Amino acid sequence: MENLISLVNKIQRACTALGDHGEATALPTLWDSLPSIAVVGGQSSGKSSVLESVVGKDFLPRGSGIVTRRPLVLQLQKIDEGSREYAEFLHLPRKRFTDFGDVRKEIQDETDRETGRTRQISSVPIHLSIYSPNVVNLTLIDLPGLTKVAVEGQPDSIVQDIENMVRSYIEKPNCIILAITPANQDLATSDAIKISREVDPTGERTIGVLTKIDLMDKGTDAVEMLEGRAYRLKYPWIGVVNRSQADINKNVDMIAARRREREYFSNTPEYKHLAHRMGSEHLAKMLSKHLEAVIKSKIPGIQSLINKTISELEFELSRLGKPIAVDDGGKLYAIMEICRTFDQIFKEHLDGVRPGGDQIYNVFDNQLPAALKRLQFDKQLSMENIRKLITEADGYQPHLIAPEQGYRRLIESSLTSIRGPAEAAVDAVHSLLKDLVHKAISQTLELKQYPGLRVEVTNAASDSLERMREESKKSTLQLVDMECGYLTVDYFRRLPQDVDKGGNPTHSIFDRYNDSYLRRIGSTVLSYVNMVCATLRHSIPKSIVYCQVREAKRSLLDHFFVEIGKYESKRLSSLLNEDPAIMERRSALAKRLELYRSAQAEIDAAAWSK
């Protein structure tokens, strides 16, 4: 299953390149869901020697005190036999290292670049990939050695800082803990076992490695520990014999060191029966096989996280909107598309798909009729006013049969008062349309993305509504004026004449204007005015809908579309000015989404081929 482990390594490298890893965060990421192996041990426990034995190369810095001052994420990639082995750092992506002495120097230099030439530590990891035909596919994370006291040049908090850093890795449920413990040290005081037991009390995720077996006091051995009788873990303990400092000084190579290690376990009577599962070579193969099994078991969870994250990323990218076009044609098209989206949302409010359009009907069904009812026709048609207007209309020559001019003046003065409710209805609908424009603006996600365009669209829509209001007001008031300008003659012809009622036209003008006669005139005028109100109650909404609502649906941004067609490139660009932070976030999310989709396809393919 080396291909599956290689796939995980590839995804981990891509995660790291995009910053999608969980070294310094509690957020669940794809990196967190991928199994890895963290190497834990106290200072001078032999961690570095174990790693070099697994790799088969000298490549790690050495010295006294804290040598590993930053996490080292080491990815081993097996390549074809006969191929030249090399190493690559993530921070130097186009540089291949074939001299592993240079790899050691770059690890030291990169550590110093982050921490300075001090004894300080940093949680920012170094990522190193080694490609060799002599390794197994594996990911190991070398962590700073646990310590009990701060030395000169280190802050007092370094003991806790290192422990917190180690915990941040090994607390993750997908982390396999490689606990390095020197055999010549009391197991009860082992830093690696102590911290591993705290985060993995059942030992399900811990693999124990005993170093320095060959350095134990004469007459003692590590059989009890290697057989799991001193401290039992789920997986058998593995013993290793690293090169001594003298071997390192003499440049004894790894091939010779591994041979001597095999001979040590095979020829030492206490360990002969355990030799088949001892040594660095066995450790590397065992770790690769174990990592393979863990990856297999975690695939459903990884798939679930990837699918969930893809959905979240797609939603977030949709919320941020599409990236800006480069050419003028593309920019103009983008502006038009955004405006059409806004226009569609505005229409949906009017048509009832979204809330708000019903308030316009409320103006017609409640507000306008209520305003018409509140008109105080009784003031225009008071006895005193009727007498005054009738008398004035007759002039020096009294009317012969009916005071026609008086009727006209009374009707006209009453109908003129309807202009107020008519104008109020126009203004009320205008206000509602403006509110719907602002709602549609706020609901158009792309307009949030481009503040300049939002302002322009808002102004253009407001200007259009203002023009429509003026046109609507003109047309609606014309309806009232038409009723004032031409009376319905048939209505009056159907009324009985004064003579038929027994009136006497020969009476003095002052006799004819008695209260009964004037009340009859007032009643007739009020009846006619009410008839006109009933007509206008239906025709005013029609005029408003035709001139405002219908026009707003049909051509709200037509004038704006004509104008932006004349804009120069600089003006178009200004409309699509976007917050740089949003642009940067969109780019990062798009890259992360591409990573997750690629991982999804490859892991799904691997799952099907299991």
Side-chain angles (χ1 to χ4, degrees), residues 1-14 16 34-39 46-62 68 71-90 92-93 95-104 106-107 125-143 175-176 178 180 207 209 211 238-243 247-248 251-262 277-296 606:
M1 188 56 69
E2 287 182 342
N3 288 338
L4 185 56
I5 298 174
S6 299
L7 170 61
V8 169
N9 284 350
K10 174 184 173 184
I11 294 171
Q12 285 176 325
R13 286 194 296 273
T16 305
L34 298 172
S36 57
I37 301 173
V39 185
K47 282 193 307 92
S48 296
S49 295
V50 170
L51 284 174
E52 288 184 332
S53 295
V54 168
V55 176
K57 287 290 178 184
D58 282 315
F59 68 98
L60 292 173
R62 292 183 177 276
T68 305
L72 175 67
V73 180
L74 175 63
Q75 293 185 319
L76 306 181
Q77 184 71 43
K78 188 174 181 65
I79 56 177
D80 295 337
E81 290 293 335
S83 300
R84 188 176 185 184
E85 53 192 0
Y86 65 92
E88 285 184 343
F89 289 93
L90 187 67
L92 298 171
K95 185 174 181 180
R96 287 189 175 186
F97 292 79
T98 54
D99 185 337
F100 282 80
D102 292 338
V103 172
R104 179 189 299 113
E106 181 57 31
I107 292 173
I126 297 172
H127 293 266
L128 172 64
S129 297
I130 293 178
Y131 301 83
S132 170
N134 305 315
V135 299
V136 292
N137 289 316
L138 203 56
T139 297
L140 297 163
I141 304 170
D142 186 22
L143 298 169
C175 180
I176 301 164
L178 192 64
I180 311 295
I207 296 173
V209 176
T211 62
I238 298 174
V240 297
V241 174
N242 297 323
R243 292 179 301 167
D247 292 336
I248 294 170
N251 293 320
V252 174
D253 64 33
M254 288 296 178
I255 295 176
R258 285 180 174 177
R259 185 177 63 251
R260 286 169 54 178
E261 183 184 44
R262 286 195 298 271
R277 60 178 181 85
M278 295 292 119
S280 302
E281 287 181 284
H282 173 76
L283 174 62
K285 292 175 183 176
M286 181 267 184
L287 288 176
S288 182
K289 186 176 289 188
H290 181 64
L291 185 59
E292 166 196 330
V294 173
I295 290 172
K296 280 183 179 180

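FYI, side chains are in, hydrogens and waters are out, and symmetry mates aren't considered; it's all heavy atoms of this structure. Count residues from 1 along the sequence. All values reported here derive from a predicted model rather than from experimental measurement.
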Looking at [X] and [Y], what are the two nearest heavy atoms and their distance?
{"X": "Glu85", "Y": "Ser132", "result": "OE1-OG, 2.7 Å"}
{"X": "Leu138", "Y": "Leu291", "result": "CD1-CD2, 3.8 Å"}
{"X": "Thr98", "Y": "Arg84", "result": "OG1-NH2, 3.5 Å"}
{"X": "Ala87", "Y": "Val103", "result": "CB-CG2, 3.8 Å"}
{"X": "Ser280", "Y": "Ser53", "result": "OG-CB, 3.0 Å"}
{"X": "Pro133", "Y": "Lys78", "result": "O-NZ, 2.7 Å"}

Fill in: Residue from Glu261, Glu52, Arg259 passing side-chain contact (heavy atoms from CB on, under 4.5 Å) with Met254
Glu52

From [atom1] ([X]) to [atom2] ([Y]), nearest 0.5 Å:
{"X": "Glu106", "Y": "Phe97", "atom1": "CD", "atom2": "CZ", "answer": "4.5 Å"}
{"X": "Thr211", "Y": "Ile238", "atom1": "OG1", "atom2": "CD1", "answer": "13.0 Å"}
{"X": "Ile107", "Y": "Thr68", "atom1": "CD1", "atom2": "OG1", "answer": "8.5 Å"}
{"X": "Asn242", "Y": "Ile180", "atom1": "CG", "atom2": "CD1", "answer": "8.5 Å"}
{"X": "His127", "Y": "Leu72", "atom1": "NE2", "atom2": "CG", "answer": "9.0 Å"}
{"X": "Ile130", "Y": "Leu74", "atom1": "CD1", "atom2": "CG", "answer": "5.0 Å"}

Fill in: Check ion pair Glu292-Lys296 (N to O, under 4.0 angstrom)
yes

Worksheet item: Just by modelled atom types, is the Ala284 backbone N or O under 3.5 Å from a matching donor or acceptor in the Ser288 side chain?
Response: no

Determine whether [X] and [Y] make a side-chain contact, defined as any pair of heavy atoms from C-beta on separated by less than 4.5 Å.
{"X": "Lys47", "Y": "Asp142", "answer": "yes"}
{"X": "Leu283", "Y": "Leu178", "answer": "yes"}
{"X": "Leu90", "Y": "Val73", "answer": "no"}
{"X": "Tyr131", "Y": "Glu88", "answer": "yes"}
{"X": "Gln77", "Y": "Asn137", "answer": "yes"}
{"X": "Val294", "Y": "His290", "answer": "yes"}
{"X": "Leu140", "Y": "Leu287", "answer": "yes"}

Worksheet item: For the residue pair Phe100 and Phe59, does the interplanar ring angle fall in the parallel (under 30°), tilted (30 to 60°) or perpendicular (over 60°) class?
Response: perpendicular

Item to complete: Let me see the working for Val50 and Val39 under side-chain contact (heavy atoms from CB on, under 4.5 Å), right down to the final yes or no.
Response: CA-CA 9 Å; Val50 170; Val39 185; 5.9 Å; no

Worksheet item: Between Leu76 and Val54, is a side-chain contact (heavy atoms from CB on, under 4.5 Å) present by the stated rule, with each step listed?
Response: CA-CA 10 Å; Leu76 306 181; Val54 168; 4.1 Å; yes

